[in-house]
Every structure is written in C-alpha cells, then in structure tokens.
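Quick caveat: nothing in here was measured; it's all calculated off a predicted structure.
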Amino acid sequence: MLSFLVPKMHLLSVLAVAITAGLALVPNAARAQDYPNKPIKFIVSSAAGGVVDIRARRFGVRLGELLKQPIVVDNKPGASTTIGADFVAKSAPDGYTALFGGNTEVVTVPALGMPIKYDPIKDFIPVAQFTLGYPVFVVNAGLGVKNMAELVAWAKARPGQLLCGTSGHGSGQHFSCELLARNAKIELRTVPYKGTGPMLLDTAAGQVHIAIGFLAEVDKQYIVPGKVIPFGVLSPKRIARFPDLPTMGEMGYVGFDMMSWTGLFVPAGTPRAIVNRLNAEITKVVREPEFAAWLAETGSEVVTPTPEQFRDFTQSELARWKKMSDDFGIKAEQQ
C-alpha cells in the first residue's frame, strides 16, 4: 500500500503548491483591477517650496480628482534627494507609494558617483514623464553686479569667495556651479542645502551669492520683488517669460543646456495594469489647457511619453550624465 500512497501524496503536494501559487496571483490581479481604493502617496525628495514640490501639490489635486482618491504629498529631503528615492524603492509595489521626482534622484546623483542604496534602473518603473524645462542663473541683488561679465570680474577679484547654492551634492545645481567655475576660470565654493526652497531663500537674503532655479521657484517670489536678478538661462534657446535674457551659450559658456524634467516612478514589481492606469490619467492632466498654460508660465513644456519611452529616456540621460561627469572630472561626495 505504501508504494501507491507515495505517488498520491506527491500528486497532492504538487496540486497544493499549484493552488497556492494561483491564489497568490489573485490579490495582485484584484488589486490592479480595483486600483485605486485608498489614498496615494507622492514622495517628494526635496524640501517644501521647490519646483518639484510645487508641481506635486498642484498636479496631485487634479490627478486625485480623476482617480477619485486623494493624493498626499510627503516631503522626504536629505542626502541629495536619495532619502526619498530609497524610501520609494523599498516600498510595497502596489501603486500607493510613488516617487514624484526628476533627474536628480535617478540620473544626476547616480551618475556623479554618489553612494546610494538603490538601483536607479532596476528598483523603479518609470510611469510617466510630464514636464521638461530649463532653469536660470540668479544672483543676489545686493551683490552689486548687473550681468554675467561683472559677476565673473567680481569672482576673479575675490578668489574663492563667490558662494554658489545647490540643492545638494550631486544635484544639477552642483554640476552647474562647477561648470561655471571651469568655463569662466574662477574659484567659487558650492554650498549644499536640503532642497531648492531653502537654497533660494538664502540666495535672496545674501547668505549665498548665486543659485540656479526654475521660474516656478524664483519668478514671483524673488525676481519680481527684486531680491535676485536673472543673468542667464541654462537652455539651448531663450524662454518666453524673459525674451531678453540670454542663454549661457550666447554668452560664451558651453555645456549649459541643463534640461530638467519631472516624472512619476513606482517600485519595481508594480502591476503593469496600475502603471498603465497612472500613465493614462497623468497624460489627461498635463494635456488639459489650464495645466499646460500654468507649466508654460513656469518655464516648462508638456511631454507625454509612454512608460517604455520614458524608461529609454531615463537610461539615455543616465549615460549622458555619466559621460559629463567623467569628462569634467566632477564626482559628488555624500555628506
């Protein structure tokens, strides 16, 4: 009898494993089908007040209306944006925790050699890219210089005294400060902050002399009141808001086409149905005339690639920044 029982028991074991595996798939399928059924959390890896935070909050309101669930913005700044990114990478892949970020977390920081606890390619699924823009160089109005030529002359007369604010080591601002020093042949010091908001606040107060920011961050709050002066745009072309503001290239400074973008990422393993739903609803939001017009006022334009196109874009940008890092010998050091 034992010889007959063994095969039967083996068969029962195989069936049990198969049934268990099948049942394990049910929650994922059901979860994707009724998604979302609770609030979604957007993790922003910078401090409140920066361009990413501003966009996350305004964008989240409209996206939440379409998804019929509230979007909660949770700021987790620090370690050059890696704290927030690492949090998302280790979160459950269920579509309820997403990284609302950009090139710093998944491109610039990894490319410049920052020690990070996540893989920018393997640990995230790029869901949707929706904004593309270029920042401007701004200078504290109290410094007493009126253009880039005067700023460079000021810096050359005071080697090492020019302070350039950044949103953290390895950020786009960090790279731009170092690039300015090399282009203009001046000595300056970079001052890292936990985000663009506090960096610009100190620039307006004169604690640092120059910084890089987007119009959403600097225009109405700092440029219009005259606290800072825009000297140049880090773009291949001039921007509509300041048509008389030259590009860095027009002033003879090469390599300053510092494209910045915003997108949404979810942890690897998130069901494809959830990724597709988010991409579709995000595309609806950014194509709405009112939202597109608001982005234009902040110096950005709308882009709506598929998840696959966004994935390819982030990988190509990572390769581009790694090459720039090697070419200019700029390697970030985490504090």
Side-chain angles (χ1 to χ4, degrees), residues 50-51 104 108 112 133-193 195-260 298-299 324 327-330 332:
V51 65
T104 302
T108 313
L112 297 185
Y134 297 89
V136 295
F137 257 121
V138 294
V139 181
N140 174 262
L143 194 61
V145 295
K146 299 181 179 63
N147 51 50
M148 189 63 75
E150 290 186 10
L151 175 67
V152 171
W154 187 98
K156 287 185 175 180
R158 303 166 181 80
Q161 294 185 36
L162 184 66
L163 303 181
C164 188
T166 79
S167 61
H169 284 287
S171 64
Q173 291 100 331
H174 177 201
F175 193 91
S176 297
C177 291
E178 299 290 355
L179 194 56
L180 176 63
R182 285 160 173 73
N183 268 248
K185 296 180 173 57
I186 59 175
E187 294 181 33
L188 55 75
R189 286 186 291 159
T190 58
V191 181
Y193 288 83
T196 306
M199 173 196 72
L200 292 172
L201 190 63
D202 268 11
T203 306
Q207 299 300 314
V208 294
H209 303 116
I210 62 175
I212 298 108
F214 288 85
L215 294 185
E217 304 165 318
V218 299
D219 193 10
K220 294 180 180 179
Q221 189 171 358
Y222 299 112
I223 294 177
V224 172
K227 297 177 181 179
V228 300
I229 305 171
F231 275 11
V233 58
L234 285 70
S235 167
K237 61 182 180 181
R238 298 191 180 195
I239 55 179
R241 173 68 179 84
F242 295 107
D244 296 329
L245 184 66
T247 67
M248 297 298 292
E250 288 176 320
M251 294 184 287
Y253 301 102
V254 299
F256 277 92
D257 296 345
M258 290 297 171
M259 172 177 58
S260 185
T298 64
M324 286 196 294
D327 290 346
F328 288 94
I330 302 174

Quiz item: Going through the distances and angles, do M148 and Y253 end up as a side chain to side chain contact (heavy atoms under 4.5 Å, CB included)?
Solution: CA-CA 10 Å; M148 189 63 75; Y253 301 102; 3.5 Å; yes

Practice problem: With side chain to side chain contact (heavy atoms under 4.5 Å, CB included) as the test, would you mind laying out the steps for V233 and F242 before giving the verdict? | Solution: CA-CA 9 Å; V233 58; F242 295 107; over 6 Å; no

Practice problem: Evaluate the criterion side chain to side chain contact (heavy atoms under 4.5 Å, CB included) for residue pair T203 and V139; output intermediate values, then yes/no. | Solution: CA-CA 7 Å; T203 306; V139 181; over 6 Å; no

Practice problem: Under the side chain to side chain contact (heavy atoms under 4.5 Å, CB included) rule, what do M258 and L179 come out as? Steps first, then yes or no, please. | Solution: CA-CA 11 Å; M258 290 297 171; L179 194 56; 3.6 Å; yes

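A donor-acceptor pair is defined here as one N or O able to donate and one able to accept, closer than 3.5 Å; such a pair exists between the side chain of H209 and the backbone of L163. Formation of a donor-acceptor pair under 3.5 Å by the T247 side chain with backbone atoms of E250 is found in this model. Side-chain atoms of N183 come within 3.5 Å of backbone atoms of V254 as a donor-acceptor pair (strictly under, hydrogens ignored). For the pair E217 (side chain) and G213 (backbone), a donor-acceptor distance under 3.5 Å is absent. The closest donor-acceptor contact from the side chain of N140 to the backbone of A204 lies under 3.5 Å.
The SG atom of C164 lies 3.5 Å from the CD1 atom of I210; values are rounded to the nearest 0.5 Å. Note: Q221 CD to K227 NZ = 6.5 Å, rounded to the nearest 0.5 Å. Taking CE from M248 and OG from S235, the interatomic distance works out to 12.0 Å, rounded to the nearest 0.5 Å.
The two residues L245 and G232 make their nearest non-hydrogen contact at CD1-N, 3.6 Å. Between I212 and P135, the shortest heavy-atom distance links the atoms CG2-CB, 3.3 Å. Across E150 and V145, no two heavy atoms sit closer than the pair OE1-CA, 3.5 Å. When all heavy atoms of T166 and C177 are compared, the closest pair comes out as CG2-SG, 3.9 Å.
No side-chain heavy atom of Y193 sits under 4.5 Å from any side-chain heavy atom of S167. In this structure, the side chains of Y222 and L200 come closer than 4.5 Å at one or more pairs of heavy atoms. With contacts defined as side-chain heavy-atom distances shorter than 4.5 Å, the pair P246/R238 qualifies. With a 4.5 Å cut-off on side-chain heavy atoms, I223 and V228 count as touching. Counting heavy atoms from C-beta outward, L234 and F137 have side chains that approach closer than 4.5 Å. Residues I229 and N147 form no side-chain contact, since every pair of their non-hydrogen atoms from C-beta on lies 4.5 Å or further apart. Annotation: side chain of S260 is not in contact with side chain of Y134 (no heavy-atom distance under 4.5 Å). The shortest distance between side-chain heavy atoms of Q173 and T190 does not fall below 4.5 Å.
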